[in-house]
Colleague: 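Just passing along the structure, written as structure tokens.
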Amino acid sequence: MFDQFKQTYFEECEDRIQEAEEGLTVMLDGGADDGVVNQVFRAIHSIKGGAGAFGFDTIVGFAHQFETTLDLVREGALSPDREMCTLFLHANDIVADMLSREQNDEEIPSDLGQDVLAALEKIVAGSGAVVADPLASTDAGNFADIAGVKAWRIHFMPHKGLLKTGNEPLFLLRALQDLGELDVDVDLDHLPSFSDLTADHVEDCYLGWDITLHTEAPRDEIVEVFDFVEDLCDLTIEPFEEPVDVSQADVPVAPEVPLVAAAKPAKEPAAKKAVQATKSSGSASIRVDLERIDSLVNLVGEMVIAQSMLQEQVRWLPIEVGGKIGEGVENLARHMRDLQESVMAVRAQPIKSVFTRMPRIVREVSAICGKDIRITTSGEETEVDKTVLENLIDPLTHMIRNSVDHGVEKPADRVAAGKTSHGTIHLSARHKSGRIIIEIEDDGKGVNRDAVWAKALKQGIVTPEATLTPHEIDNLIFKPGFSTAESVSEVSGRGVGMDVVKRNVSDMGGRITVSSVPGEGCKMTLSLPLTLAVMDGMVVSVGSQRFVLPTVNIVESFQPNSDAISKLTEGVNIIQARGEYVRVIPLCDVFHIDDAILDINEALLILLEGDDGQRVAVMVDDVLGQQQVVIKSLETNFSAVDGISAATILGNGDVALILDVPGLSDMRAKIDLKQEVLNHALSKKEALDQGVAIEQEEGVCNECSD
Amino acid sequence: MPITVAIVDDSRTMLDMVGYTLREAGYNVIEAEDGQQALTMLSGQAANVVITDLNMPNMDGLTLIRELRAMATYKSTPILMLTTEADREKKEAGRAAGATGWIVKPFNPDKLLSVVKKVAG
């Protein structure tokens, strides 16, 4: 009958497993206090409780043994060392495994976790504790049924305290009545005389009952009626036919019943302590189907578009009409922004859920590699959009594996290099100008630049003439087809390299870079959008086209001073801006827009900075304004284009492309290349004009057109 | 007036299942997820029966029982503890705190109802 609750149970168990794992990890590192141990115990205990309700006996059995062992730790009878904690972690995995099998209606193999179970049993046996059988009936009667008895004689004399426990003799008699016909005599022998009754006695019970019960029910059922009060009353239950000496009665149960159940004394001032309306009400939450939230997010997105269209229209109204309406629209815009932020906050979740998976990966992988690595985390509370969070798991896992496998050295090598024998990986998250930055920093040997360079040459990723900065060489590891591992290792090999990580990250509108100091370690930085749905953008015009530049990337916009412009080669300009030279990218060239301003002296430049600090200046005709734009992915219908991250719908209904700044700076190379080809072709053409034979021109052009 | 039963458990599954069983049987059910929350809830809203888990964060079941017993309203209200423990120790600790009785997890719906009936009439 409880099948409808199974889903809730499995969801809850996921959280419990997580909690247990967190606690066990702390225990493993030796930092556990009673609270942590209790947290783990409670998690397993709770899983067992639910498993029992659904009849998952295998889980109950295993969890029970696990729980018993944890209980010994809790009581201080066991002090777990690293080895034991590792076993516990393993046991936790097995519980998780069993749960997921139950959830998927799979059979649990009979040998699953048997070794761990045996190890747990051994620990418990070693401590001398006794384990109760979890599936055994807990209320089994101690007395064999006396067959053939049709009536029972029951003497029930409550002790003083019975009423204080909230038990009510009347209800017990009614429960007896459910078993059969009752004859009840009240035993008034202990009732004091009226004059002796004082306020002190008001909660005491003086009445007793002699009951004859005619029933087919076995004795156990009668005993069970009194199970809550057996230590609070004198109770004898014996077959009626044979009058039996009361002193030999078989169930002497000593109840003390304050008789005065009905006489609930005058109300005291309601306990003051009790009114601690602290955080309890604050933690109220509901579970909502993600689809509903997504549709809400979409609706809000549509409203943002509608609102910006409205704003656009109002702008052209004559002032006497538009003034008031304009105010209203401005108000609307403000609320719309709040609404949007609130909706986004609903989807936001702390990154903790992803971070907590990582210690286990580090543990497992470092065990395989024979390394000793600790992982520390910070910024777990940083909130990220749920979809981003989900998509983050794979790349992050891969990067962590990579750090363990290739980054941190083996203990002996570390010691030889004058480092501590154990390596450290630090995982952190923080918000930075509208994006989330995740860093994985290790204190290993850093990227092997020579090997990377050699490999890149071999794979044809770079040409021998290329001049790259050390930073650029390090980042070659993200190029497609690159993998420095000489042999595919068990750990991070698997035929995928960092390029896959990069692709996963780019698909979310994120970027990844690595910076490394040889011998000291390496740091991978992931930069992701906070949300995948909206962003602040600046709308610019280039000829008849409109583009959106992410506001977070904009440093400044300015009219170029012709003195500051230097021409490198034909059509390639750099400009001095804020003390450094940056490349000018004319959008009209990149996107082949013919009706744009071509003269750099008349155009407007916008200085942009990528997350990696790379700056470029894009040349546009004009800046039209700043607004919130709803991101519409293009990649559902089109393949990815460098320099364009998505599209949006503007207030006037036009579609505008959203530009991707690092993508734009990557395009430099290609444009340069094209320019060279062009120059090359031009010179060839001149040569041709002069009647000189041309060789292999086609080949060159084919190679360079992408 | 239907009898109001307060269920206190940090496990959503237990709250749902116990709640379902009791609601089906016509009881009015109110819920809290730990002792602290229960205390706040029960200070504002009276229950005729309280069913509480023992091991919970923020405030455990035994403390909750003691706190409730210290309040005039709950001085003799039936309080049942949910426990998977078969051992007497737990029951005795509960009894010492003022518990009326216990419900063994995993619970059998009929047993749950008969126990509630036995303490609440």
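Chain letters run A, B, ... following the sequence lines, proteins first, then strands; residues in each count from 1. For the numbers below, each heavy atom of this structure counts, side chains included, while hydrogens, waters and symmetry mates do not.
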Colleague: I'd like to verify something: which residue of A:Ile47, A:Asn38, A:Val225 has the highest number of heavy-atom pairs under 4.5 Å with chain B?
Modeller: A:Val225

Colleague: Working to the nearest 0.5 angstrom, can you tell me the gap between A:His45 NE2 and B:Asp53 CG?
Modeller: 5.5 Å

Colleague: Please confirm whether the backbone N or O of A:Thr165 pairs with a side-chain atom of B:Arg69, one donor and one acceptor, at under 3.5 Å?
Modeller: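 At least one qualifying donor-acceptor pair exists.
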
Colleague: Any donor and acceptor pair, going by atom type alone, linking the side chain of B:Lys117 with main-chain N or O of A:Ala175 inside 3.5 Å?
Modeller: no

Colleague: For the CG atom of A:Leu172 and the NZ atom of B:Lys118, what is their distance to the nearest 0.5 Å?
Modeller: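 The NZ atom of B:Lys118 is 7.0 Å from CG of A:Leu172, to the nearest 0.5 Å.
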
Colleague: Please look at B:Leu68 and chain A and tell me whether the side chain, the backbone, both or neither of the residue comes under 4.5 angstrom of a heavy atom of that chain.
Modeller: neither

Colleague: Atom CZ of B:Arg12 and atom CD of A:Glu11: how far apart are they, to the nearest 0.5 Å?
Modeller: 11.0 Å

Colleague: Taking all non-hydrogen atoms of both residues into account, name the closest pair between B:Thr100 and A:Phe228 and its distance.
Modeller: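 Closest approach of B:Thr100 to A:Phe228, heavy atoms only: O-CB, 3.2 Å.
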
Colleague: Under 4.5 Å from any heavy atom of chain A, what part of B:Ala120 do you find: side chain, backbone, both or neither?
Modeller: backbone

Colleague: In Å and rounded to the nearest 0.5 Å, what is the OG1 to CE distance from A:Thr8 to B:Met14?
Modeller: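 Rounded to the nearest 0.5 Å, the OG1-CE separation comes to 13.0 Å.
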
Colleague: Which residues pass the ring pair (Phe, Tyr, Trp, His ring centres under 6.0 Å) test with A:Phe171, sequence neighbours left out?
Modeller: none

Colleague: What distance do B:Asn55 atom CG and A:Phe41 atom CZ have between them, rounded to the nearest 0.5 Å?
Modeller: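 The CG atom of B:Asn55 sits 6.0 Å away from the CZ atom of A:Phe41.
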
Colleague: Report which part of A:Asp178 has an atom under 4.5 Å of a heavy atom belonging to chain B: side chain, backbone, both, or neither.
Modeller: side chain

Colleague: Supply the atom-to-atom distance B:Thr13 OG1 to A:Phe5 CZ, rounded to the nearest 0.5 angstrom.
Modeller: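 It comes to 9.5 Å.
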
Colleague: Which bit of B:Asp10 comes within less than 4.5 Å of chain A, counting heavy atoms only: side chain, backbone, both or neither?
Modeller: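 Both backbone and side chain.
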
Colleague: So what's closer than 4.5 Å to chain A heavy atoms on B:Met41: side chain, backbone, both or neither?
Modeller: neither

Colleague: Under 4.5 Å heavy-atom distance to chain B, tell me which part of A:Phe54 shows up: side chain, backbone, both or neither.
Modeller: side chain

Colleague: Heavy atoms only, distances under 4.5 angstrom: which of B:Ala32, B:Ser11, B:Gly44, B:Ala97 has the most pairs with chain A? Name it, please.
Modeller: B:Ser11

